[in-house]
Q: 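Can you keep this structure in mind? I'll have questions shortly.
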2 protein chains.
Amino acid sequence: MDEDAGPGTVRPGGRTARVRASVLQAAGDVLAERGFAQLDLADVARLAGVGKTTVYRRWGTVAGLVADLLAEMAEESVPRTETGSLLGDLRANADLVRRTLGDPRQGALFQAVIAAATYDERTAQALRRFYDARIAEWAPCVARAVDRGEAPAGTDPAEVIRAVSAPLYYGLLTAGKPPDEATAERAARAATAAARAGVFVR
Amino acid sequence: MDEDAGPGTVRPGGRTARVRASVLQAAGDVLAERGFAQLDLADVARLAGVGKTTVYRRWGTVAGLVADLLAEMAEESVPRTETGSLLGDLRANADLVRRTLGDPRQGALFQAVIAAATYDERTAQALRRFYDARIAEWAPCVARAVDRGEAPAGTDPAEVIRAVSAPLYYGLLTAGKPPDEATAERAARAATAAARAGVFVR
DNA sequence: CCATTATTGGAACTGGAGACCCGTTACTGT
DNA sequence: ACAGTAACGGGTCTCCAGTTCCAATAATGG
């Protein structure tokens, strides 16, 4: 009746931690250099200098590995800058997203995660958790802007943040190209204009 | 030195057309009922009442099959309604996208296509062609709005249309849920507000 | 330091996706 | 109507992703 959450949970130190680190490292390398389609667990194991059995036992599938990779990245919280204006803050957010999607490792990871999330529920959950965290971190910017009177009362902060990211991800997925500075700037300005107009009032 | 574009191109009529139709039908069924992860070529062949060899020969991979499925869908052009105002037209566009993504078959297909496009170049091209066509069809709405003075001169019509779709796709991919009426309405209003504010001026 | 046992990893095994062969079917131009 | 051949499809084979087994290794608590 007791659910043990698989290997690596009882003795997570020493070798186990090293194995996890080198497997995630190798998986990230493959993803950045060769892409999602080439991500093969046996291959990752070989590159990581780790037994194939271990990788299958702990991650099971490509989707599972990718989900763990995302969880790893979610750890590093990027410090949020506060500029004093809604446009300035959203611009900073758009630029963060742009840099994330433009980075070879992180950009490739996000494409992989989104692809995997369309068919794997665990990856989809990891993805949702990641966005919830990011949005929770940035929502206060919008709340402040509302307090300052830059947007109408009742504006939904989360929706505004999502509105900034949306066109950047959309471009990456449908055009296959990471966003440039101009696109990021446009996204920030569009979200600001819409928020000012009261579109995101609940 | 001559590139023949594979089987089905020299004698596309009769049986060949029937085979293609029933394979695409079966593939759509599997996609809608069981999802992308369960889309197996041998399985599709069996359901379509067609030889496994034929499916492998003509489509080769799951991504290739999905790309063809999208091309098939792109054929049916949806008549565009003209409402006389920018907001009205963008609302109509947002609603079209909402209904597309909400439809069991088409929604599942889009998730599959976007997933496949992240790693398969042919699928990515098919996707880009589809969006180029859709955007070309709707761009005139925005051009008219500019003529009417609803948006500043120099506004990029394609960017406005993309701005409508972006949040709807973003929600589907990151939250895993097709957009509802309220979300579509918000997308149309946000794009309108941003366009009016001159965000999409080139 | 030692006993316990969680975790690893080599090796052998298996199932099924996908390639191949070749006889059959039926589309197409004349 | 008919010849020529494009396209189909059943049967067979290959190869490798993923599983299983168990002995070796090392993390952890006392």
Side-chain angles (χ1 to χ4, degrees), chain A residues 2-27 30-31 34-68 112 115-116 119-120 122-123, chain B residues 2-27 30-31 34-68 112 115-116 119-120 122-123:
Chain A
D2 61 320
E3 299 282 323
D4 79 297
T9 52
V10 179
R11 290 179 185 176
R15 181 164 71 162
T16 297
R18 271 192 312 275
V19 164
R20 187 175 116 99
S22 59
V23 167
L24 293 184
Q25 172 75 35
V30 173
L31 217 46
R34 272 175 276 172
F36 185 56
Q38 305 300 318
L39 193 59
D40 166 61
L41 295 203
D43 206 39
V44 168
R46 197 175 42 72
L47 289 172
V50 153
K52 181 174 77 154
T53 311
T54 302
V55 176
Y56 277 105
R57 189 167 31 221
R58 292 195 48 191
W59 288 278
T61 65
V62 169
L65 182 54
V66 160
D68 198 19
Y119 62 85
D120 181 75
R122 276 178 38 240
T123 309
Chain B
D2 60 320
E3 300 282 324
D4 79 297
T9 53
V10 179
R11 290 181 186 175
R15 180 164 71 163
T16 297
R18 272 192 311 277
V19 164
R20 187 174 116 100
S22 59
V23 167
L24 292 183
Q25 173 74 34
V30 173
L31 217 47
R34 272 174 275 173
F36 185 56
Q38 306 299 319
L39 192 60
D40 167 60
L41 295 203
D43 206 38
V44 168
R46 196 176 42 73
L47 289 172
V50 153
K52 183 175 73 155
T53 310
T54 301
V55 176
Y56 277 105
R57 189 168 29 221
R58 292 198 45 193
W59 289 277
T61 65
V62 169
L65 182 55
V66 161
D68 198 20
Y119 62 84
D120 181 75
R122 274 178 38 239
T123 310

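These values consider heavy atoms only, across backbone and side chains, with no hydrogens, waters or symmetry-generated copies. Per chain, numbering begins at 1; letters A, B, ... match sequence-line order.
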Q: Working to the nearest 0.5 angstrom, can you tell me the gap between B:Thr53 OG1 and B:Leu41 CG?
A: 11.5 Å

Q: How long is the line joining CG of A:Leu65 and C1' of D:dA17, in whole Å?
A: 15 Å

Q: Five pairs per end, C1' atoms only: what is the angle between the end axes of the helix from C:dC1-D:dG30 to C:dT30-D:dA1, to 10 degrees?
A: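 Between the first-five-pair axis and the last-five-pair axis there is 60°.
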
Q: For A:Val55 and A:Ala45, work out which heavy atoms get closest and say how close.
A: CG2-CB, 3.6 Å

Q: Measure the distance from CH2 on B:Trp59 to C1' on C:dG18 and round it to the nearest whole Å.
A: 16 Å

Q: For the side chain of A:Thr16, counting heavy atoms from C-beta on, which of C:dC27, C:dT7, D:dA7 is nearest?
A: C:dT7

Q: Provide, to the nearest angstrom, the distance between the CZ atom belonging to B:Arg11 and the C1' atom belonging to C:dT25.
A: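 Value for this atom pair: 10 Å.
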
Q: For the side chain of A:Asp40, counting heavy atoms from C-beta on, which of C:dT8, D:dA17, D:dC8 is nearest?
A: D:dA17

Q: Measuring from atom CG of A:Asp120 to atom CZ of B:Phe36, what distance do you get when rounded to the nearest 0.5 angstrom?
A: 12.5 Å

Q: Looking only at N and O atoms, is any donor in the side chain of A:Thr53 or the base of C:dG10 less than 3.5 Å from an acceptor on the other one?
A: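 Donor-acceptor pair under 3.5 Å: yes.
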
Q: List for me each residue that meets salt bridge (Lys or Arg N to Asp or Glu O under 4.0 Å) alongside B:Asp40, sequence neighbours excluded, and say none if there are none.
A: none

Q: Rounded at 0.5 Å granularity, tell me how far OH in A:Tyr119 sits from OG1 in A:Thr61.
A: 7.0 Å

Q: CZ of B:Arg20 versus P of D:dA7: gap in Å, rounded?
A: 14 Å

Q: NA contact type, B:Gly8, heavy-atom cut-off 4.0 Å: base, sugar-phosphate, or nothing?
A: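 Since only primed, P, OP1 and OP2 atoms lie under 4.0 Å of B:Gly8, the category is sugar-phosphate.
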
Q: Starting at CG of A:Leu41 and ending at C1' of C:dG9, how long is that distance when rounded to a whole Å?
A: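 It is 16 Å, rounded to the nearest whole Å.
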
Q: Out of A:Leu31, A:Val30, A:Leu24, which one pairs with A:Leu65 under the side chain to side chain contact (heavy atoms under 4.5 Å, CB included) rule?
A: A:Leu24

Q: Taking CZ from B:Arg58 and P from C:dG18, how many angstroms apart are they, rounded to a whole number?
A: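 Going from CZ in B:Arg58 over to P in C:dG18 covers 18 Å.
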
Q: Does B:Asp68 pair with B:Arg20 as a salt bridge, N-O distance under 4.0 Å?
A: yes

Q: In whole angstrom, what separates B:Tyr56's OH from D:dT14's C1'?
A: 14 Å

Q: May I ask you to verify whether the side chain of A:Lys52 and the base of D:dG18 hold a donor-acceptor pair under 3.5 Å?
A: yes

Q: DNA chain D: A:Val10 or B:Arg57, which has the more 5' nearest nucleotide?
A: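 Taking each residue's closest nucleotide, the earlier one in sequence belongs to B:Arg57.
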
Q: Specify the separation, in whole Å, of atom CZ of A:Arg15 and atom P of C:dA6.
A: 14 Å

Q: With nearest nucleotide decided by heavy atoms, which residue, B:Gly60 or B:Arg18, maps closer to the 5′ end of DNA chain C?
A: B:Gly60

Q: Return the nearest nucleotide to the side chain of A:Val19; candidates are C:dG9, D:dG10, D:dA7.
A: C:dG9

